[in-house]
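Read through the structure below, which is laid out as structure tokens, and then see the notes.
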Amino acid sequence: MKNILALALAVAVSTLLPNFAPAEEKFSPWVDAQGAITLPKDFRRWVHLGTFVVTDEKAPGYGVHDVYTQPRSVEAYKKTGKFPDGTVLVKEIRKVKSGAMTTGFANWAGEVLVWFVMVKDSRGRFPKNPIWGDGWGWALYKAEDPKKNLATDYKRDCLGCHIPAKDTDWVYVQGYPTLK
Ligand code: HEC
């Protein structure tokens, strides 16, 4: 009797397991099993969180920085004050255009220069992949080649500059009124 029960249990577990595996593979449509990150195509249809503008052409961040995330992440953040697992933040940087308008001297966004991407990973899924850590996956794409992630080591390429935002999960939330 015990053996039959054990067998029944083993069968039940083995039929359930394959259902768990694909669920975890679906962690994010923009992250593959090894942790490679792709730039989401439709991010401009997501929620616009806010804009930073760096007008000094010699500054490292020269450009208009528009930041987007998924609608469900905004809803969750408003409730919990945390970015839920799978949240994608896309920062699109475009050239600064400027000139006199009927409103006054204005700056606005020109052609795209780069995209910065962060993907929230609350479970530390890719401990051996150097673009993952501190709760996020980190990526950078240039307009010339939106398929190639130029970030190879987030600690060297990204983290240093995000230290001032460490207490808010590395994100500069003060620039994103949509989260309030
Ligand atoms: C020169 C410093 C610097 C470097 C290097 C840098 N960041 Fe940032 N990043 C910032 C600052 C400052 C902001 C917010 C203000 C702004 O955009 O000017 C920001 C904002 C972002 C945002 C928008 C969400 C947020 O955190 O507010 C993303 C996404 C992002 N960075 C990803 C990255 C990734 C990925 C890398 C590495 C490939 C990286 N950053 C490297 C300074 C930097």
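Just so you know, these numbers use all the heavy atoms, side chains as well, and skip hydrogens, waters and symmetry mates. Start at 1 and go down the list; that is how both ligands and their atoms are numbered.
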ask   = Quick one: does Lys147's side chain get under 4.5 Å of Thr38's, heavy atoms only?
value =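 No; the side chains remain at least 4.5 Å from each other.
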List every atom of ligand 1 that sits less than 4.0 Å from any heavy atom of [X], numbering the atoms from 1 in the order shown and giving each element.
X      : result
Asp157 : 5 (C), 37 (C), 41 (C)
His65  : 16 (C), 17 (O), 18 (O)
Met118 : 26 (O), 28 (C), 29 (C), 30 (C), 32 (C)

ask   = Does any N/O atom on His162 come nearer than 3.5 Å to any N/O atom on ligand 1?
value =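 In this structure, His162 places an N or O atom under 3.5 Å from an N or O of ligand 1.
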query = Just distances here: any N/O of Trp138 and N/O of ligand 1 closer than 3.5 Å?
reply =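 No; every N/O pair is 3.5 Å or more apart.
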inquiry  = For atom 22 (C) of ligand 1, tell me which residue out of Lys91, Glu92, Gln174, Lys155 has the closest non-hydrogen atom.
reply    =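 Going through Lys91, Glu92, Gln174, Lys155 one by one, Lys91 has the nearest heavy atom to atom 22 (C) of ligand 1.
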Verdict with supporting geometry, Asn149 and Trp138, side chain to side chain donor-acceptor pair (under 3.5 Å) = CA-CA 9 Å; Asn149 178 8; Trp138 308 71; over 6 Å; no
Check [X] against ligand 1 and report side chain, backbone, both or neither, counting heavy atoms closer than 4.0 Å.
X      : answer
Tyr172 : both
Tyr176 : side chain
Cys158 : both
Ala139 : backbone
Val117 : backbone

query = Does some non-hydrogen atom of Trp170 fall short of 4.0 Å from ligand 1?
reply =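 It does; at least one heavy atom falls under 4.0 Å.
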ask   = Would you find a donor on one side and an acceptor on the other, under 3.5 Å apart, between the side chain of Thr80 and the backbone of Ala76?
value =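 Between the backbone of Ala76 and the side chain of Thr80 there is a qualifying donor-acceptor contact (under 3.5 Å).
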message = Main chain of Gly35, side chain of Asp32: is a donor-acceptor contact present, judged purely on distance under 3.5 Å?
response =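 Yes: the side chain of Asp32 pairs with the backbone of Gly35.
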Trp46 side chain to Gln70 side chain, donor-acceptor N/O pair below 3.5 angstrom =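 Gln70 and Trp46 do not have a side-chain donor-acceptor pair below 3.5 Å.
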key: Closest non-hydrogen atom pair, Ala143 against Val112   =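 Scanning both residues, the minimum pair turns out to be CB-O, 3.3 Å.
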query = Can a cation-pi geometry be assigned to Lys91 and Phe116, taking NZ or CZ under 6.0 Å from the six-membered ring centre and within 45° of the ring axis?
reply =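 Cation-pi check for Lys91 and Phe116: passes.
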task = Taking the six-membered ring for Trp and the full ring for Phe, Tyr or His, determine whether the centres of Tyr77 and Tyr176 are under 6.0 Å apart.
result =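 Judged by ring-centre distance (under 6.0 Å), Tyr77 and Tyr176 do not meet the cut-off.
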